[in-house]
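Data first, discussion second: the structure below is written as structure tokens.
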Amino acid sequence: MSKRTIKIYGVLFLTWLATVSAVARPERPDPVSYVNTLVGTASTYELSTGNTYPAVAVPWGADFWTPQTGSNGDGWTYRYDATHIRGLKQTHQPSPWINDYGAFSLMPVTTGPVYDQDARASWFSHKAEVATPYYYSVYLADHDVTAELTPTSHAAAFRLTYPEGQSYLVVDAFEGGKVSLVDAYTIRGYTVHNHGGVADGFRNWFIVRSDTPFEACPAREDVALVGFRTVRGQQVNLQVASSFISAEQAERNLLEVTGGFEVVRNAARDEWNALLGRIEVTDGNLDNLRTFYSCLYRCLLFPRDLSEINEAGERVHYSPHNGRIEKGYFFTDTGFWDTFRSLFPLLNLVYPETSARVQAGLVNDFRESGFLPEWASPGHRGCMVGNNSASVVADAFLKGIPCQDIDELWEAVTHGAHAVHPRVSSSGRLGWQYYDSLGYVPCDVGINESAARTLEYAYDDWCIWQLGQALGKTEEELAPYRHAALNYRNLYDSEFRLMNGRKADGRFSRPFSPLKWGGDFTEGNSLHYTWSVFHDVEGLIGLMGGPETFAAQLDTVFQMPPKYDDSYYGRPIHEIIEMTVMGMGNYAHGNQPIQHMLYLYDWCSQPWKTQARVREVMGKFYGPWADGYCGDEDNGQTSAWYVFSALGFYPVCPGSGEYALGSPLFEKAVLHLPGGDVHIEAPGNAEEKVYVEKLRLNGRVWQHNYIRHDDLLHGAKLRFTLSDKPSFLRGTRPEDRPYSLSR
Ligand code: CA
């Protein structure tokens with residue numbers, strides 16, 4: 001054969017290969033096509049089925065967009081049962097309870113020169129709405145306008161299709177903001193809308209540039225109204241950008257969308273597919289696939305990256321701590337109380353490059369404010385308890401996430417363990433003086449939720465100890481943390497075999513009700529919080545009198561009726577109602593403190609109970625529809641629980657380098673990790689086959705109830721044999737139990 005012939009045959013072969021491959025491998029739908037962004041939007045103040053809004057964004061984007069059904073300032077910004085949309089809002093809201101900042105909105109109008117948020121609102125239907133992570137479209141019936149938008153990190157492209165006649169566009173800068181028409185094509189303004197966590201002088205500058213000339217119409221200082229004549233079907237294209245730094249930077253950020261609507265939309269879709277596609281799931285159950293990817297989408301939104309690229313090409317950010325422009329990354333809009341549990345471990349496993357940026361951002365938090373955040377939006381916010389930034393730092397470092405300035409983070413976590421932020425008492429450790437001297441925060445010294453604080457501080461001390469060991473700190477420096485990691489013992493009330501508040505004089509709180517929410521605990525009761533000994537379950541088992549008693553105590557939570565004592569709050573808070581309606585006794589999956597508890601049977605030789613319960617919770621409490629969560633989703637945490645659990649394991653103790661085993665939901669899942677693919681297979685998996693009969697790790701029988709992070713890092717194969725009957729032999733030896741400090 002001549003060279004030329006070989007070449008021709010070569011081309012033919014490649015063509016054949018392409019054809020055969022296309023036939024043999026049916027086109028897989030894009031992972032993003034499984035995502036329903038409306039999951040969790042059927043929520044109210046009284047009952048949360050997620051308390052989410054359909055965020056249109058790129059992963060970890062600086063700005064999100066959402067259709068707005070609630071009035072300006074209402075935390076329930078989009079409700080599934082709402083009938084009217086009053087704007088398409090740029091939002092940074094992490095939760096309705098924290099509310100929004102930097103918000104402004106756009107609204108096309110054709111019913112006359114109206115701009116008031118009630119007057120301009122329009123009927124809409126979910127049937128004429130397309131809601132995806134990267135693109136949103138809605139038909140605004142009152143105005144006969146189809147509004148479309150697609151985002152980048154700091155900008156968005158809008159396409160508004162108008163009817164015949166006199167048309168308008170409203171730009172609403174919210175109360176206190178300013179907006180004006182600069183020329184026929186350009187609107188500029190800023191919003192000062194916020195609920196705290198910002199420095200004085202905070203502004204979100206924005207710019208709207210149109211391809212159609214506008215005429216200014218009379219409106220208010222904080223609302224712009226512009227008019228233009230349109231023919232039926234005329235499309236008005238807008239480029240919208242914003243910046244927390246300056247008006248000039250907002251204009252620079254416009255460059256992100258100069259390619260036009262389709263270019264922006266395709267890029268955003270590709271980015272979602274690339275990231276969601278790192279976990280590839282094969283299963284016959286379409287609902288489960290949709291639930292899984294809808295959850296994974298939520299895991300890739302928060303914390304948002306607030307940094308921007310300046311004129312010199314440097315990455316800089318507005319610091320909410322000092323109001324200055326500082327260098328480097330800045331991540332925000334997350335509460336570590338929620339998200340240390342499994343959201344950050346998920347990022348550390350599957351998205352390590354993002355984790356590295358988050359750690360770099362934490363260094364900046366410390367430099368700019370003297371503390372790591374515990375609840376950030378965008379700066380320190382007073383919310384929840386614990387000092388769980390230590391877990392977020394330690395888990396990342398121990399899993400090999402690179403951090404240039406780890407010495408500064410060491411300084412940050414050790415400083416925060418013995419200090420409290422002067423203005424925001426949830427950053428650092430409120431009650432640290434008591435904790436350091438007594439070994440617990442007493443319940444009678446005017447510090448609320450003292451038992452919850454103590455239990456989390458003890459785990460956080462263990463995290464600091466682990467981190468210090470990895471950094472080669474001296475025994476002398478580390479001994480206090482190693483010792484304090486056992487402080488959970490100080491709250492164990494042996495009379496009830498549960499954790500309880502304790503007074504400064506050493507006596508336990510009386511009368512004690514395991515059903516009492518709040519008080520010594522945080523948004524939960526003792527039945528929920530007793531298990532917050534992530535790092536030493538074995539130690540807790542010892543306190544309770546052995547594995548059998550421990551297992552019986554776990555069982556009690558499910559067996560008890562959903563009774564509650566709401567005297568601390570004076571009313572049943574939504575988390576209480578969410579527990580009562582689930583039909584699982586006192587198990588409250590709708591809130592975070594108990595979410596790891598199902599996995600604790602792995603520590604007491606009854607792993608089949610973990611396996612059955614996690615499958616039950618995945619099946620009952622999650623779904624791909626508007627009421628698809630069983631309580632606040634909370635910035636990826638409740639979603640990350642599902643993502644991990646569906647894969648068959650869960651990071652009960654971030655920092656330990658282990659995952660506790662559950663029961664995988666799918667027949668096949670592949671994690672595309674930088675170090676290699678992890679294949680998780682459960683051939684013949686079915687709804688009733690929830691029990692693990694056998695597990696092979698890389699071909700070898702694996703008896704333990706855990707797998708190590710290191711076992712997954714460079715690729716692995718987990719092959720589960722599942723059964724509809726429990727195996728009372730597998731995972732029942734003491735050596736099969738996951739990590740505990742006391743072992
Ligand atoms: Ca919560």
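We count ligands from 1, going down the list as the structure has it; atoms in each ligand are counted the same way.
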Counting only protein N/O/S, how many atoms fall short of 3.0 Å from the Ca ion (ligand 1)? 3
H321 ring center within less than 6.0 Å of F330 ring center: yes
Qualifying salt bridge (charged side-chain N to carboxylate O under 4.0 Å, His left out) pairs with a residue from residues 612-626, counting only residues at least two apart or across chains: R613-E616, E616-K620
Return each pair, listed once, that meets salt bridge (charged side-chain N to carboxylate O under 4.0 Å, His left out) where at least one residue sits in residues 626-639; pairs must be two or more places apart or across chains. R298-E633
Residues R429, D461: salt bridge by 4.0 Å N-O rule: yes
Tell me whether the NZ or CZ atom of R290 lies within the 45° cone about the ring axis of Y34 and under 6.0 Å from its centre. no
Sequence neighbours left out, what pairs pass salt bridge (charged side-chain N to carboxylate O under 4.0 Å, His left out) with at least one residue falling in residues 554-582? D555-K609
